[in-house]
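Note that the structure is a prediction, hence the values are computed from the model and not measured.
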Amino acid sequence: MRLSICEFTTLGASFEEDLAAYRAAGVEGIGVCESKLGEGAAKRLQESGLRATHCVPAVPSILPLPLMEGPGEPEERVEALCASVRRLAELDPVCVQFLTGPAGGRDDAREIVREGIRAIAVAAEAAGVRVALEPMHPTQADVFSFVHTIPDALEVIGGEAVAIMLDTWHVSDPDGIEPYVDKIAGVHVSDRREPTRSHFDRVLPGDGVLDLAAVFRTLEGGGYDGWYDIEIFSDNGTFGDAFPDSLWDVDPGELALRARESFERVWQGRQR
């Protein structure tokens with residue numbers, strides 16, 4: 001098992017602060033958010049000893065996201081995504097992930113996304129980078145994606161050289177994962193609060209209602225030997241809602257350590 005932490009987990013920290021916090025916490029990798037990068041990022045990453053794992057482009061979807069800024073036209077967004085693939089290739093990442101975005105009432109949304117995926121796949125092949133599409137929970141259809149299952153994601157991908165980014169918050173049924181383990185490029189890990197209070201309200205592994213140990217057993221049994229990337233969203237007012245127990249208000253070093261320890265407890269439980 002190889003463990004990393006996505007920079008969304010410590011949203012308010014800088015790239016340099018994340019490198020220091022994650023290294024001190026004892027994880028091996030960092031899920032890079034392109035929006036945090038500055039000049040010389042590849043050098044600083046190399047000096048840290050951490051591996052770039054599942055990287056998130058600054059414009060992360062083909063169709064516009066209502067909760068995030070970015071170009072309004074899909075063509076512009078695809079151009080930005082392709083540029084991000086080329087930039088992030090400098091970090092030698094495990095993969096670069098992306099979303100469809102919500103359909104937004106467009107009858108041609110699926111075809112627009114298919115065309116975008118074709119362009120992204122071409123850019124990824126030229127850059128020597130693996131790219132992956134992430135299915136998202138049905139409750140987020142209006143804000144992040146109209147693709148909610150692995151089979152639906154594969155249908156949209158078609159024959160393109162694009163993998164699946166699995167996020168346990170969105171897809172956690174072992175039966176829905178097991179047939180497709182060989183298609184998975186990376187795994188985002190978090191737990192689900194019940195009830196969930198907003199689109200950005202996750203908890204650390206083991207603190208919610210998901211059977212993550214069963215997910216880990218399914219992945220391991222299917223031959224997955226890639227990275228597990230802890231990714232926590234926890235509203236503190238950044239996206240409107242502000243919860244007094246927001247993990248985004250925790251010191252980055254402390255949160256990174258808690259994230260690693262929480263994951264490891266659940267990981268050990270997969271053997272029971």
* Go through the structure and list residues passing side chain to side chain donor-acceptor pair (under 3.5 Å) with D207, not counting sequence neighbours. => none
* Would you mind checking if E111 and R106 are paired as a salt bridge, meaning a charged N to carboxylate O distance below 4.0 Å? => no
* Asked: With the 4.5 Å side-chain cut-off for hydrophobic clustering, are V162 and F146 part of the same group?
  -> yes
* To do: Tell me, with the steps shown, if R110 and V113 meet side-chain contact (heavy atoms from CB on, under 4.5 Å).
  => CA-CA 5 Å; R110 190 168 288 262; V113 166; 5.8 Å; no
* Looking at side-chain heavy atoms only, is the closest gap between D18 and K36 below 4.5 Å? -> yes
* Between E178 and T218, a side-chain donor and acceptor under 3.5 Å -> no
* Structure fact -> Between S61 and G101 the two heavy atoms that sit nearest each other are CB-N, 3.8 Å
* Asked: With a 4.5 Å limit on heavy-atom distance, are the side chains of I177 and I184 in contact?
  -> yes
* Under a 4.5 Å side-chain heavy-atom rule over Ile, Leu, Val, Met, Phe, Trp and Tyr, are F144 and I157 clustered together? -> no
* To do: Could you tell me whether the side chain of H188 reaches within less than 4.5 Å of the side chain of H54, counting heavy atoms only?
  => yes
* Does F243 have R197 sitting over its ring (NZ/CZ under 6.0 Å from centre, angle to axis within 45°)? -> yes
* Are any of the side-chain nitrogens in R77 or E73 under 4.0 Å away from the carboxylate oxygens of its partner? -> no
* **Donor-acceptor contact present, side-chain S84 to main-chain A80, <3.5 Å** => yes
* Step by step, would you call E28 with R51 a salt bridge (Lys or Arg N to Asp or Glu O under 4.0 Å)? -> CA-CA 6 Å; E28 300 174 82; R51 173 73 195 276; over 6 Å; no
* Candidates L99, L81, V156, L133 - the one meeting side chain to side chain contact (heavy atoms under 4.5 Å, CB included) with I62 -> L81
* Asked: Between F15 and V32, is any pair of side-chain heavy atoms under 4.5 Å apart?
  -> yes
* R202 and D167 ion-paired at < 4.0 Å -> yes
* To do: For the pair I30 and S4, evaluate side-chain contact (heavy atoms from CB on, under 4.5 Å) and give the outcome as yes or no after the intermediate values.
  => CA-CA 5 Å; I30 178 171; S4 66; 5.7 Å; no
* Would you please test M1 and D225 for side-chain contact (heavy atoms from CB on, under 4.5 Å) and show each step? => CA-CA 7 Å; M1 179 271 294; D225 62 353; over 6 Å; no
* Residue pair W227 / V187, side-chain heavy-atom distance below 4.5 Å -> no
* To do: In plain terms, say whether R114 and E160 are close enough for a salt bridge, that is, a side-chain N and a carboxylate O under 4.0 Å apart.
  => no
* **Exercise: identify the closest heavy-atom pair between C82 and A119** => SG-O, 3.7 Å
* Mind checking whether F200 and W248 have parallel, tilted or perpendicular rings, split at 30° and 60°? -> tilted
* Determine, using the 4.5 Å side-chain heavy-atom cutoff (strictly less than), whether L50 and L37 are members of one ILVMFWY cluster. => yes
* **CG (D142) with more than 12 external heavy atoms under 6.0 Å** => no
* **Working for side-chain contact (heavy atoms from CB on, under 4.5 Å), residues T196 and W169** => CA-CA 11 Å; T196 298; W169 196 90; 3.8 Å; yes
* Asked: Looking at V147 and D152, what are the two nearest heavy atoms and their distance?
  -> CA-OD2, 3.8 Å
* Heavy-atom check, side chain of E231 versus side chain of S190, under 4.5 Å -> no
* Looking at CD of E90 and NZ of K43, how far apart are the two atoms once the value is rounded to the nearest 0.5 Å? -> 14.5 Å
* Asked: Is L11 close to I232 at the side-chain level, that is, under 4.5 Å between some pair of heavy atoms?
  -> no
* Structure fact -> Between D191 and V209, the two heavy atoms sitting closest are OD1-N, 3.3 Å
* Any chance the rings of F216 and F263 have centres within less than 6.0 Å? -> yes
* Just wondering, more than 12 heavy atoms not from E69 lying within 6.0 Å of its CD? -> no
* Ring-face cation contact, W267 with R270, 6.0 Å cut, 45° max -> yes
* Count the heavy atoms belonging to other residues, nucleotides or ligands that lie under 6.0 Å from CD of E39, then report whether that count exceeds 12. => no
* Asked: Does CG belonging to D182 count more than 12 external heavy atoms closer than 6.0 Å?
  -> yes
* Asked: Are Y22 and S48 linked by a side-chain donor-acceptor pair shorter than 3.5 Å?
  -> no
* Asked: With hydrophobic residues grouped by side-chain heavy-atom distances under 4.5 Å, do Y228 and M165 end up in a single group?
  -> no
* Asked: So, H137 side chain and H170 main chain: donor-acceptor pair closer than 3.5 Å or not?
  -> no
* Closest contact, heavy atoms only, R44 versus E16 -> NE-OE2, 2.7 Å
* Asked: So does D229 pair up with R2, basic N to acidic O under 4.0 Å?
  -> no
* Structure fact -> Between S262 and the options L204, V189, V203, I230, the side chain to side chain contact (heavy atoms under 4.5 Å, CB included) test singles out L204
* Asked: Looking just at side-chain N and O atoms, do D235 and S198 make a donor-acceptor pair shorter than 3.5 Å?
  -> yes
* To do: Report yes if some heavy atom in the side chain of H199 is under 4.5 Å from a heavy atom in the side chain of L67; otherwise report no.
  => yes
* Heavy-atom closest pair, residues P57 and Q97 -> CD-O, 3.0 Å
* Asked: Do the ring planes of F8 and F233 sit parallel (below 30°), tilted (30 to 60°) or perpendicular (above 60°)?
  -> tilted
* Same cluster for L212 and V181 if Ile/Leu/Val/Met/Phe/Trp/Tyr side chains link at under 4.5 Å? -> yes
